[in-house]
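Just so it is clear: chains get the letters A, B, ... in the order the sequence lines come, proteins before strands, and each one is counted from 1. No experiment lies behind these values; they were computed from the predicted model shown.
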Amino acid sequence: MPLVRLATWNVNSAKIRLPRLLPWLDQRAPDVVCLQETKASDAEWSETYDAELRERGYEVAHYGQGRWNGVALLSRVGLDDVERGLPGEPRFPADDSAPEARALSATCGGLRVTSVYVPNGRTPDDPHYAYKLRWLDALHAMVSDGPTSSSVVAGDMNIAPTDADVWDPSLFVDSTHVTPAERKALESLTGLGLHDVVRDRWPGERVFSYWDYRAGRFHQDQGMRIDLVLVGDDAVGRVRAAWIDRQARKGSGPSDHAPVMVDLDEAPDGDIGPVVPPPTTPAKLPHLG
DNA sequence: ATGTCCCTTATAAAGGGA
């Protein structure tokens with residue numbers, strides 16, 4: 001397998017974001033893309049977006065009901081054994097209500113990739129917060145039951161792993177995204193051997209992936225790092241670069257999230273495919289771009 | 001710090017969600 005570029009991006013509506021998504025695919029040329037908050041139904045997706053993506057060489061899977069949520073996977077290195085949702089996932093408001101489209105898995109280039117849109121939680125005393133924790137339990141169960149070492153979990157975790165991932169922790173005391181229970185749930189996931197490769201690569205840097213649209217947050221770099229690429233043991237040694245594509249948050253009509261990018265070197269064994277030149281090292285840190 | 005953007009509808013103004 002040649003070098004593989006993984007990306008995850010909460011696009012905040014596929015319909016609105018298409019004019020940003022397509023050029024971004026052309027420019028960044030990711031091989032595997034996890035999308036969240038497509039806010040599209042499967043019917044709308046197949047009628048409106050599928051062809052444009054397939055023209056670009058991607059196999060495509062989408063899971064969405066429209067209006068809210070919605071996740072997708074694009075891959076140019078295979079897209080097999082697609083699985084919608086999580087086994088035993090909780091539902092909201094009741095366990096007999098329809099599941100929300102928040103997880104989509106497929107095998108791409110030998111990796112078991114899951115695109116996730118973790119519930120927001122709203123506030124710690126809200127029923128949505130308990131639902132978030134139960135949903136994270138189901139995610140943990142799926143990863144631990146599966147081929148953990150070849151797993152990649154990527155998406156909008158709606159959790160800032162540490163206070164370093166929040167622009168001003170004093171403003172988020174007792175807020176969702178930073179509570180010990182959420183962080184513990186995330187740690188139990190990384191405890192399975194899933195590595196937060198952007199933080200590993202930039203241990204002391206101010207790196208955010210989300211900036212509220214309001215109050216000029218992006219302009220002041222007042223954001224949070226809640227979009228993660230978690231890489232299992234098989235691929236973590238192949239990580240050649242990991243960064244946040246801050247450029248995609250700029251300009252007109254951006255999502256409030258930036259894509260997270262990870263380049264994997266060719267697998268050490270077997271057919272390594274055509275020889276490719278090393279990726280260009282950015283002159284500046286990409287996330288400061 | 002409640003200032004934006006995106007969805008939807010008993011739609012052209014307003015409510016819900018992030």
Side-chain angles (χ1 to χ4, degrees), chain A residues 8-22 24 34-45 47-49 62-72 90-94 97-103 115-136 154-161 163 165-179 182 185-186 208-228 244 246-260:
Chain A
T8 182
W9 194 7
N10 179 325
V11 293
N12 187 12
S13 168
K15 181 178 188 173
I16 290 289
R17 212 63 59 209
L18 207 63
R20 296 294 301 255
L21 175 62
L22 296 178
W24 176 82
C34 300
L35 299 177
Q36 301 87 36
E37 283 206 85
T38 65
K39 298 184 177 178
S41 66
D42 289 336
E44 179 189 359
W45 184 273
E47 290 162 14
T48 314
Y49 312 118
H62 180 264
Y63 176 33
Q65 292 116 357
R67 183 161 197 182
W68 307 121
N69 313 312
V71 283
R91 304 182 184 193
F92 192 89
S97 52
E100 296 183 312
R102 294 182 175 276
S115 175
V116 298
Y117 176 47
V118 175
N120 175 284
R122 302 189 181 182
T123 58
D125 59 355
D126 192 293
H128 286 88
Y129 176 86
Y131 167 62
K132 178 181 194 174
L133 294 178
R134 290 166 62 213
W135 197 92
L136 287 163
D156 180 355
M157 304 300 298
N158 270 320
I159 302 169
D163 280 354
D165 301 301
V166 180
W167 65 276
D168 185 349
S170 72
L171 294 179
F172 290 85
V173 173
D174 297 328
S175 297
T176 181
H177 295 47
V178 303
T179 64
E182 290 163 275
L186 183 58
F208 299 138
S209 65
Y210 160 80
W211 301 260
D212 198 303
Y213 283 123
R214 293 169 288 191
R217 291 284 186 239
F218 179 70
H219 181 70
Q220 300 165 85
D221 197 24
Q222 297 173 336
M224 304 178 83
R225 193 175 69 92
I226 57 176
D227 301 271
L228 308 180
I244 293 175
R246 208 170 176 282
Q247 197 70 26
R249 181 62 175 78
K250 299 180 181 179
S252 65
S255 171
D256 43 359
H257 295 252
V260 184

**OP:** Kindly write out the residues that satisfy side chain to side chain contact (heavy atoms under 4.5 Å, CB included) with A:P119, not counting sequence neighbours, or none if the list is empty.
**Re:**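 For A:P119 the side chain to side chain contact (heavy atoms under 4.5 Å, CB included) partners, ignoring immediate neighbours, are A:R102, A:Y131, A:K132, A:W135.
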message = Among residues at least two apart in sequence or on other chains, which ones pass side chain to side chain contact (heavy atoms under 4.5 Å, CB included) with A:I16?
response =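 Partners of A:I16 under the side chain to side chain contact (heavy atoms under 4.5 Å, CB included) test: A:S13.
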Span that lies between the [atom1] atom of [M] and that of [N], in whole angstrom:
N	M	atom1	answer
B:dT2	B:dC7	P	25 Å
B:dG16	B:dA10	P	14 Å
B:dT11	B:dA18	C1'	22 Å

Item to complete: Answer yes or no: does a side-chain N or O of A:R17 lie under 4.0 Å from OP1 or OP2 of B:dC5?
Response: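 Checking B:dC5 against A:R17, no side-chain N or O comes under 4.0 Å of OP1 or OP2.
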Evaluate A:V71 against A:Q36 for side-chain contact (heavy atoms from CB on, under 4.5 Å), listing each step before the verdict.
CA-CA 5 Å; A:V71 283; A:Q36 301 87 36; 4.1 Å; yes
Could you go through the side-chain contact (heavy atoms from CB on, under 4.5 Å) check for A:I226 and A:D156 one step at a time? CA-CA 6 Å; A:I226 57 176; A:D156 180 355; 3.8 Å; yes
Letter by letter from the 5' end, nucleotides 7-18 of chain B scores (B base, S sugar-phosphate only, - none; protein heavy atoms under 4.0 Å) SS-------BSB
Looking at residues at least two apart in the chain, or sitting in another chain, which of them share a ring pair (Phe, Tyr, Trp, His ring centres under 6.0 Å) with A:W45?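 A:W45: ring pair (Phe, Tyr, Trp, His ring centres under 6.0 Å) contacts with A:Y49, A:H62.
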List the residues meeting ring pair (Phe, Tyr, Trp, His ring centres under 6.0 Å) with A:Y63, not counting sequence neighbours, and say none if there are none.
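Result, ring pair (Phe, Tyr, Trp, His ring centres under 6.0 Å) vs A:Y63: none returned.
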Original post:
Is there a side chain to side chain donor-acceptor pair (under 3.5 Å) between A:N12 and A:E37 once you walk through the steps?
Top reply: CA-CA 5 Å; A:N12 187 12; A:E37 283 206 85; 6.0 Å; no
Pairs under 3.5 Å (Watson-Crick or G-U), crossing ones as [ ], inter-strand ones as |: DNA chain B comes out as ...((((((...))))))
Checklist line | Residue closer to the 5' end of DNA chain B, A:G216 versus A:P254 (nearest nucleotide) | finding: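 Nearest-nucleotide comparison on DNA chain B picks A:G216.
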Q) Below 4.0 angstrom, N of the basic side chain to O of the carboxylate: do A:R246 and A:D221 qualify? A)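 Yes, this pair counts.
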